[in-house]
Amino acid sequence: MTKNLVIVESPAKAKTIEKFLGKDFTVRSCYGHIRDLAKGDDAIDIKNNFQPHYEISEDKKAVVSELKKLSKEAEMVWLASDEDREGEAISWHLSEALGLDAKKTKRIVFHEITKPAILRAVENPRNIDKHLVDAQQARRVLDRLVGFELSPVLWRKVKPSLSAGRVQSVAVRLIVDREREINSFNVTSAYKIVAKFNVGGKTMEGELGKRFATEAEAQAFLEKCKGADFTIKNLEVKPAEKSPAPPFTTSTLQQEASRKLGYGVTTTMSIAQKLYEHGFITYMRTDSVNLSELAITNAKETITQNYGGNYSNPRRYTTKNDSAQEAHEAIRPTYFENNEVEGTPQEKRLYDLIWKRAIASQMSKAQLERTIATIAISTLPDVLVASGEVLKFDGFLKVYLESTDEDGDEENSKMLPPLKVGENLLLNEIEATQRYTKASARYTEASLVKKLEELGIGRPSTYAPTIGTVQKRGYVIKEDRDGKERNFTVLTLAKNEISKEVKTEKYGTEKSKLFPSDIGMVVTDFLSKHFENIMDYNFTASVEEEFDKIARGQLVWNKMIAKFYSPFHSEVTKTNETAERQNAERLLGVDPVTGKNVSVRVGRYGPFAQIGENATDENPEKPRYASLRSGQLTETITLEEAIELFKLPRIVGQYEDKDIKASIGKFGPYLIHDSKFVSIPKTDDVFSIDLDRAIVLIDEKRIVEANKLVKVFPEDENLKVLNGRWGIYLAYGKDNYKLPKGSKAEDITFESAMKLVKVPSASKAANKTAPKKVAAKKTATKKTAAKKTAVKKTAAKKSAK
DNA sequence: CAGTGAGCGAGCTTCCGCTTGACTT
């Protein structure tokens with residue numbers, strides 16, 4: 001029988017807090033929100049002041065009944081959810097759902113998990129802040145209304161199963177706008193002038209402040225430099241300093257893990273979750289850069305011990321972002337003295353990053369000395385500038401330097417050799433190199449999160465899922481793209497001779513970047529046209545201001561919603577009635593061979609090109625169709641590229657008296673021969689692959705096939721042991737099964753194999769049929785039953801530990 | 001598990017935020 005029941009959101013947090021509070025307190029977790037709007041379209045009673053209808057979430061029923069039981073027994077219930085809008089709502093939903101008595105309920109908050117903070121919180125309880133709860137209800141209701149009214153418009157006007165929402169639609173728009181900005185970017189080039197001097201055996205580079213637009217101007221400049229004297233005109237030495245970046249928030253962690261470790265945002269978050277559960281780091285979903293008093297002291301000790309007192313510089317960071325709610329600390333190691341932890345290589349690397357970033361944030365600034373040398377040219381009024389940097393004191397750079405998104409070609413801080421004003425320099429050569437301008441970079445998952453955070457759109461707990469959603473809907477594709485080659489000219493003045501060389505460089509190579517799809521573009525244009533305010537980058541920021549007013553008690557939540565809803569809903573109705581179906585149709589021109597029109601359009605199976613018109617009664621001839629290739633957009637494809645698509649399938653030649661055909665299918669380019677498919681690797685081109693190469697690919701595939709079959713069983717021919725990419729595995733009919741680690745083919749008997757096949761096949765079959773069921777009500781009850789038992793099982797496991 | 005491109009049209013899809021598993025490739 002417990003005297004005090006404390007409810008927090010996260011189970012890992014519950015465990016730590018229980019230790020601080022002693023035996024009179026039982027600490028439990030509610031696992032986030034326990035109630036939400038009902039699933040269907042009538043969750044909000046619009047006619048009745050937008051009265052929300054809440055239901056206990058399916059996967060929380062077990063948790064809620066457990067908490068209900070414990071709260072009945074307790075003398076006092078302490079609601080300790082996070083100190084922000086969502087947290088306040090969680091406490092309110094708990095008090096409603098558990099039927100808590102106001103007299104034996106207290107609301108407490110703390111934003112760091114330390115003993116003094118918890119004890120202080122317990123001494124200063126308050127009541128649930130209903131205004132803050134109302135702000136959350138407004139947020140929730142608005143999001144539901146927007147999402148559930150806009151999405152069906154898309155089903156009717158674009159494609160079924162699409163979705164729209166306050167956050168995701170703007171995220172897609174960012175990608176679409178960026179893509180168009182890149183496509184319409186006007187690439188220009190200019191000649192950059194760099195002179196290389198020999199100073200005491202070392203090379204020093206000086207750059208001209210301006211660039212020349214044409215080769216002729218660059219040539220003329222070099223001509224004038226022939227035989228010129230170069231002297232140091234001026235030397236300027238300036239002290240400079242660099243400060244460390246603040247400790248990680250969710251967003252900055254995702255960015256740095258992406259740049260330094262190459263992790264996607266989902267990977268980063270799941271590794272961080274593991275580190276958190278092991279107690280190695282503080283909570284990983286946070287928008288705060290704040291560190292607890294204890295953490296700052298702890299960091300100071302570690303720094304002093306490891307690097308010396310002069311490396312320590314305790315700092316308090318404040319969050320600049322308006323939308324931040326700061327319910328937690330920044331992400332930091334729980335114990336700074338642990339500069340490494342046990343775990344998988346990924347966990348170790350992410351921990352290392354978090355440790356370094358947090359430690360660096362508490363270290364001294366780096367002291368630099370910047371030298372700028374101005375070099376006069378005797379034949380010209382222009383000057384060259386050489387700059388260098390010397391690190392006087394490394395400070396935080398000893399452990400950590402933040403990286404940037406720009407893969408800049410600026411060479412980093414070089415040291416200049418000793419120089420004197422008036423000194424004559426020995427010229428090696430002057431190079432005039434043609435450089436091209438670059439459009440803005442495409443977003444990575446992490447840089448999109450950064451942008452969203454800047455706009456105040458989305459929250460730490462939703463960044464990664466949102467990025468997942470827009471990809472799952474097919475609005476956005478994350479992929480690599482090969483760059484193209486282009487020529488650039490280099491003019492070199494050496495030994496009073498000017499020479500010219502044309503070099504090639506690769507540009508536009510993209511790795512794990514976000515590209516919009518045709519559907520993404522169509523949906524963005526459609527929504528922007530009809531729902532301009534919701535697609536506005538500032539929409540969230542402006543509704544957030546209203547939510548804040550509600551939280552301060554200056555605005556009534558359902559009045560705010562009513563004001564938004566009435567014009568919005570009439571726009572939805574109007575669009576449903578008047579807007580045409582969107583298919584991004586575009587006429588590209590006329591096919592020179594047939595004289596027929598070539599057009600592109602987005603159809604049921606994606607974008608495709610068409611030669612000729614649709615069949616009619618008068619003209620029953622069907623047009624020819626070809627799917628666009630990945631990376632091609634209806635918006636940008638040219639007539640030539642579209643015609644190229646119709647060159648497939650093509651006959652490559654004959655092998656063993658049968659045709660080899662090359663084409664592009666669902667899974668990319670392939671060859672088909674004797675009704676067997678062979679994928680064409682990226683290194684080959686479907687349009688030009690020749691017979692010899694095709695035969696090589698077919699033969700290679702045959703060898704792999706031959707090696708695939710390891711063992712068969714006379715008892716049942718459906719059962720096979722096969723050789724795959726990751727070693728041997730079991731196959732029964734069409735289903736594949738994993739073998740236990742270290743299994744050897746010769747040890748596998750029919751009986752032992754069938755055991756593996758039978759056990760998982762039952763659960764597999766259940767999984768496969770579940771989503772297909774149509775009778776919604778029946779499945780709902782069945783699912784409930786299944787989930788209940790699942791939750792109970794895990795709960796039992798936990799209490800057993 | 002690699003040809004599609006209309007359509008008589010059932011019933012379904014969908015939001016954002018707060019939490020953690022339980023799955024498969």
Side-chain angles (χ1 to χ4, degrees), chain A residues 8-13 29-37 39-41 43 57 59-60 63 81-82 84-87 89-90 93 136 139-155 159-169 270 273 276-277 283 285 327 457-463 465-466 469 473 540 583 601-610 614-615 622-627 649 661 663-672 676-680 724-726 729 734 736-738 760 763-764 767 771-772 774-776 787 790-791 793-794 797-798:
Chain A
V8 296
E9 292 181 39
S10 148
K13 212 176 188 178
S29 144
C30 67
Y31 297 81
H33 276 297
I34 51 150
R35 292 205 309 190
D36 190 17
L37 290 175
K39 275 201 175 74
D41 285 333
S57 313
D59 54 340
K60 298 292 164 57
V63 177
S81 50
D82 296 345
D84 58 12
R85 197 163 65 203
E86 298 296 328
I90 288 175
H93 280 299
Q136 193 273 347
R139 199 278 305 154
R140 182 65 191 94
V141 167
L142 179 102
D143 282 338
R144 168 60 68 85
L145 290 172
V146 170
F148 275 38
E149 295 218 1
L150 284 188
S151 301
V153 179
L154 296 180
W155 305 342
K159 211 178 119 172
S161 302
L162 293 178
S163 64
R166 173 177 58 83
V167 172
Q168 59 168 287
S169 296
S270 67
Q273 175 85 31
Y276 169 67
E277 283 167 10
Y283 198 55
R285 291 187 275 265
I457 300 170
R459 303 279 313 129
S461 66
T462 60
Y463 294 138
T466 300
T469 302
R473 298 273 176 274
T540 292
N583 61 8
R601 172 155 56 105
V602 180
R604 274 195 303 172
Y605 310 110
F608 66 99
Q610 171 175 344
N614 284 347
K622 275 194 168 182
R624 294 178 66 205
Y625 302 108
S627 288
K661 240 183 352 188
S663 193
I664 296 171
K666 208 170 162 187
F667 310 115
Y670 66 91
L671 296 168
I672 184 164
K676 287 196 181 81
F677 291 96
V678 181
S679 292
I680 299 176
R725 270 172 73 187
W726 300 287
Y729 66 97
K734 278 185 175 176
N736 295 337
Y737 303 92
K738 233 177 175 170
S763 74
K764 217 174 190 182
N767 278 341
K772 276 187 194 161
V774 191
K787 275 192 181 165
V791 171
K793 265 181 208 162
T794 55
K797 255 187 231 163
K798 265 186 194 140

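Below, all heavy atoms of this structure are taken into account, side chains as well, without hydrogens, waters or symmetry copies. Residue numbers start from 1 in every chain, and the chains themselves are labelled A, B, ... in the order their sequence lines are given, proteins ahead of strands.
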statement: Considering only heavy side-chain atoms of A:E86, the closest of B:dT14, B:dG21, B:dC18 is B:dC18

- request: Without swapping roles, check the side chain of A:Q610 against the backbone of A:R601 for a donor-acceptor pair under 3.5 Å.
  value: no

query: B:dA6 P sits how many Å from A:Y625 OH, rounded?
result: 5 Å

- prompt: Taking only side-chain nitrogens and oxygens of A:R140, does any of them come within less than 4.0 Å of OP1 or OP2 of B:dC15?
  reply: no

message: Taking any heavy-atom pair under 4.0 Å as a contact, classify A:R144: base, sugar-phosphate, or nothing.
response: base

query: Can you tell me how far C1' of B:dT14 sits from CG of A:L142, to the nearest Å?
result: 15 Å

- prompt: Counting distance only, does the side-chain N/O of A:T462 pair as donor-acceptor with the main-chain N or O of A:G458 below 3.5 Å?
  reply: no

statement: Taken to the nearest 0.5 Å, the spacing of A:T466 OG1 from A:R459 CZ works out to 11.5 Å

Separation of atom CD1 in A:I672 from atom P in B:dA2, rounded to whole Å: 9 Å

- prompt: When all nucleic acid strands are considered with a 4.0 Å heavy-atom cut-off, which category describes A:G165: base, sugar-phosphate, or nothing?
  reply: sugar-phosphate

task: Taking only the side-chain nitrogens and oxygens of A:Q136, find out if one of them lies under 4.0 Å from OP1 or OP2 of B:dG17.
output: no

task: Under 4.0 Å between any heavy atoms, over every strand shown, what does A:S679 touch: base, sugar-phosphate, or nothing? Just pick one.
output: base

task: Could you tell me whether the side chain of A:Q136 reaches within less than 4.5 Å of the side chain of A:H33, counting heavy atoms only?
output: yes

query: How long is the line joining OH of A:Y31 and P of B:dT19, in whole Å?
result: 13 Å

statement: The residue, A:E149 or A:T462, whose nearest nucleotide of DNA chain B is more 5′ is A:E149

query: What does A:L162 touch in the nucleic acid at a heavy-atom separation under 4.0 angstrom: a base, only the sugar-phosphate, or nothing?
result: sugar-phosphate

task: Mark yes or no for a side-chain to base donor-acceptor pair under 3.5 Å between A:S163 and B:dT14, with no hydrogen or angle criteria applied.
output: no

- request: Can you measure from CD (A:E9) to SG (A:C30) and round to the nearest 0.5 angstrom?
  value: 5.5 Å

- prompt: For A:R166 and B:dG17, is the shortest distance between a side-chain N/O and OP1 or OP2 below 4.0 Å?
  reply: yes

- request: Provide the distance between the two P atoms, one in B:dA22 and one in B:dC18, to the nearest whole Å.
  value: 23 Å

message: Please classify the nucleic acid contact of A:D41 as base, sugar-phosphate, or nothing, using heavy-atom distances under 4.0 Å.
response: base

message: Measure NZ/A:K622 against P/B:dT4 and give the value in whole Å, please.
response: 10 Å

task: Drop me the distance from A:Q168's CD to A:L150's CG, to the nearest 0.5 angstrom.
output: 9.5 Å

query: Does a donor on one side chain sit under 3.5 Å from an acceptor on the other, for A:S461 and A:R285?
result: no

- request: Would you classify A:G87 as touching base, sugar-phosphate or nothing, given that sugar-phosphate means primed atoms plus P, OP1 and OP2, and contacts are heavy atoms under 4.0 Å?
  value: nothing

query: Within this structure, what is the CZ-to-P distance between A:F148 and B:dT13, rounded to whole angstrom?
result: 9 Å

- prompt: What does A:T540 touch in the nucleic acid at a heavy-atom separation under 4.0 angstrom: a base, only the sugar-phosphate, or nothing?
  reply: nothing

message: Within the 4.0 Å heavy-atom criterion, would you say A:P465 contacts the bases, only the backbone, or no part of the nucleic acid?
response: nothing

Side-chain donor/acceptor of A:R285 to base of B:dC18, under 3.5 Å: no

- prompt: When all nucleic acid strands are considered with a 4.0 Å heavy-atom cut-off, which category describes A:R624: base, sugar-phosphate, or nothing?
  reply: nothing

statement: What one should report as the nearest heavy-atom pair of A:W155 and A:L162 is NE1-O, 2.8 Å

message: Looking at A:R139, I'd like to know whether one of its side-chain N or O atoms comes within less than 4.0 Å of OP1 or OP2 on B:dC15.
response: no

N or O in side chain of A:S461 less than 4.0 angstrom from B:dC18 OP1/OP2: yes

Distance, rounded to the nearest Å, where A:Q610 contributes CD and B:dT4 contributes P: 12 Å

- request: Assess whether one donor atom and one acceptor atom, taken from the side chain of A:S627 and the base of B:dG5, lie less than 3.5 Å apart.
  value: yes

- request: Return no unless some side-chain N or O of A:Y605 is found under 4.0 Å from OP1 or OP2 of B:dA6.
  value: no

- request: Could you tell me whether A:A164 contacts a base, only the sugar-phosphate backbone, or nothing, with contacts defined as non-hydrogen atoms closer than 4.0 Å?
  value: sugar-phosphate

- prompt: From the list B:dT13, B:dT20, B:dA2, which nucleotide is the closest neighbour of the side chain of A:F677?
  reply: B:dA2

- prompt: When all nucleic acid strands are considered with a 4.0 Å heavy-atom cut-off, which category describes A:V167: base, sugar-phosphate, or nothing?
  reply: sugar-phosphate

task: Please tell me which of A:I664 and A:F608 maps to the more 5' nucleotide of DNA chain B, matching each residue to the nucleotide holding its nearest heavy atom.
output: A:I664

- prompt: Is A:Y463 touching bases, backbone alone, or none of the nucleic acid, heavy atoms closer than 4.0 Å?
  reply: nothing

- request: Take the protein atom NE2 of A:H33 and the nucleotide atom C1' of B:dT20, then report the distance between them rounded to whole Å.
  value: 15 Å

